[in-house]
Undergrad: 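One structure, as structure tokens, below. Some questions next.
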Protein chains: 2
Amino acid sequence: MLTTERHQLILNLLKEKQSIKIQELVELTAASESTIRRDLTELEELQKLERVFGGASRIAPNMPEPSLSDKAAKNLKEKQLVARYAASLVKTGDSLFLDAGTTTAQMIPFLTAKDVTVVTNGLSHLEALNEHGITSYLTGGFIKSRTGALVGPQATQSLENYRFDKSFLGVNGIHPVHGFTTPDPEEAAVKRRAGELSRSCYVLADHSKFGKVSFAHIFDLNRSALIIDGLPEDALEEIERQTTIKVVTQ
Amino acid sequence: MLTTERHQLILNLLKEKQSIKIQELVELTAASESTIRRDLTELEELQKLERVFGGASRIAPNMPEPSLSDKAAKNLKEKQLVARYAASLVKTGDSLFLDAGTTTAQMIPFLTAKDVTVVTNGLSHLEALNEHGITSYLTGGFIKSRTGALVGPQATQSLENYRFDKSFLGVNGIHPVHGFTTPDPEEAAVKRRAGELSRSCYVLADHSKFGKVSFAHIFDLNRSALIIDGLPEDALEEIERQTTIKVVTQ
DNA sequence: TGCTTATGAAAGATTATGATTGATTTTGAA
DNA sequence: TTCAAAATCAATCATAATCTTTCATAAGCA
């Protein structure tokens with residue numbers, strides 16, 4: 001990982017969190033403690049953050065702590081691992097579709113590639129995307145107030161205006177026979193069409209989703225690569241026969 | 001937990017509570033009593049709180065009222081008058097376009113008619129619409145982060161999916177010759193198309209907008225009714241020759 | 001090759017923490 | 001009011017965590 005990328009990542013994380021521990025950064029960046037310390041020292045000299053004992057803290061005014069909902073906190077570590085890997089696939093100039101959902105939301109701080117354009121149907125992504133200076137477009141559509149996702153025919157139709165280099169989707173179920181599934185048919189339709197309009201399609205999930213089946217079928221396993229944080233041995237073989245899979249560990 | 005995080009947490013709790021016991025803090029932070037005591041001592045030296053026997057107390061009993069931003073506060077009363085009247089025009093079953101902007105935002109609390117459907121390009125309207133249980137659709141498009149408005153060809157195109165009973169638009173300039181104007185051509189395009197797709201079109205403004213001319217022309221005065229909170233006598237005659245005008249007073 | 005820069009590891013210094021002790025303050029009953 | 005018990009407090013100390021400094025190695029580049 002490039003030094004400047006790490007710096008950017010640290011700053012991005014601080015936009016989310018108000019303060020962060022060195023140990024967390026060590027885990028998230030896979031760099032040594034020494035390196036992180038040096039990073040923090042440099043960034044402090046640039047007035048980008050403030051070092052505190054044990055980590056670093058945002059220099060900006062005391063933003064109200066963005067309280068994570070329970071759902072967002074669940075499997076957060078695994079989701080971050082998956083999200084970090086997914087974000088590392090994004091290259092300069094890419095145009096992306098970023099699905100609504102908590103897992104894909106975790107990608108945003110790690111999106112350090114330059115000149116990236118994002119289209120999303122996730123209202124809750126907007127603030128983070130804006131803070132990280134990422135050019136963003138929103139699909140239209142009906143607002144599912146529970147999830148903050150834009151869905152319906154208008155959302156699907158909005159997608160027709162775009163072609164994506166990569167799309168990143170969240171799902172609720174992964175099953176060798178029933179493929180990728182999610183509870184809401186309208187959300188499924190958006191995911192499906194986004195995948196079809198992308199050169200590469202990635203499904204992000206944590207291992208708890210494996211074997212689950214939800215109501216609405218998105219597409220079969222062979223239509224998307226899968227990024228996941230762990231799988232039982234036999235499941236892995238089963239999946240590998242059908243699609244590209246990246247198991248992220250550490 | 002980081003020291004600074006604990007400090008911040010203590011201060012946040014004091015924003016809610018006026019005073020707090022050390023034992024409470026011990027439980028909430030999972031730190032020892034000693035640590036909490038040290039925290040309180042430090043924060044007292046920084047004048048952030050006052051130590052009292054058994055805990056700590058807020059230093060400023062009467063917190064300053066959170067001041068509304070200047071723009072939102074400007075002519076707020078007039079805007080509310082205008083907005084309330086505009087909302088009273090909405091009838092059961094109406095489908096509306098609600099323009100982005102602070103004046104139209106004021107309408108939402110007054111939208112009491114049943115079975116109303118709203119399409120908007122204003123991201124900042126969503127929360128209020130949702131709170132009032134109003135079925136809402138969002139246009140797609142590029143996000144103007146300064147105003148939270150969705151604009152561009154995708155936004156305009158989104159509108160084509162709909163037909164409105166009434167649309168309510170904000171403007172920056174009202175001029176007998178130059179018509180309705182606004183600074184951003186892309187926003188102007190959205191307003192224009194929304195007006196065209198409506199059976200009735202209303203422009204909401206306060207009197208400070210009269211005589212002003214902005215860069216982007218939306219349409220001439222005769223294409224929309226005008227709801228405003230007051231006008232000089234001669235101006236009123238001038239406008240009345242061109243369009244329907246409702247002057248809201250009280 | 002030689003030079004620079006980035007990195008990781010290690011040693012010793014510094015800081016934060018939790019437990020303990022005895023002093024101080026509050027509480028409530030006489 | 002007065003006294004004793006309970007709660008809270010400040011001070012101290014040992015330990016664990018974190019920090020700084022230093023050095024050696026690895027990677028990139030002329």
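Note that this is a predicted model, so its numbers are computed, not measured. Letters A, B, ... mirror the listed sequences (proteins, then strands); counts begin at 1.
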Undergrad: B:Leu150 and B:Gly140: which non-hydrogen atoms are nearest, and at how many Å?
TA: CB-O, 3.4 Å

Undergrad: Any luck finding a side-chain donor-acceptor pair between A:Ser95 and A:Arg163 under 3.5 Å?
TA: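 Note: A:Ser95 and A:Arg163 side chains miss the donor-acceptor criterion.
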
Undergrad: Backbone N or O of A:Ala194 within a donor-acceptor pair of the A:Ser198 side chain at under 3.5 Å?
TA: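 Between the backbone of A:Ala194 and the side chain of A:Ser198 there is a qualifying donor-acceptor contact (under 3.5 Å).
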
Undergrad: Produce a footprint string for nucleotides 5-18 of chain D: one letter per nucleotide, 5' end first; B if the base is under 4.0 Å from any protein heavy atom, S if only the sugar-phosphate is, - if neither.
TA: ---SBS-B-----S

Undergrad: If you count the non-hydrogen atoms of other residues, nucleotides and ligands that lie under 6.0 Å from CZ in A:Arg51, is the total more than 12?
TA: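 Counting neighbours around CZ of A:Arg51, more than 12 heavy atoms of other residues, nucleotides or ligands fall under 6.0 Å, so yes.
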
Undergrad: Verify, without hydrogens or angle tests, whether A:Ser224 (side chain) and A:Cys201 (backbone) share a donor-acceptor contact under 3.5 angstrom.
TA: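 Side chain of A:Ser224 to backbone of A:Cys201, a donor-acceptor pair under 3.5 Å: yes, one is there.
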
Undergrad: Where does the angle between the aromatic ring planes of A:Tyr202 and A:Phe168 fall among parallel (under 30°), tilted (30 to 60°) and perpendicular (over 60°)?
TA: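 Ring orientation, 0 to 90° scale: parallel.
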
Undergrad: Using chain A heavy atoms and a threshold of under 4.0 Å, write down where along DNA chain C the contacts begin and end, 5' to 3'.
TA: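 Contacts span C:dA6 to C:dA16, reading 5' to 3'.
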
Undergrad: Tell me yes or no: between the side chains of B:Glu187 and B:Thr182, is some donor less than 3.5 Å from an acceptor?
TA: no

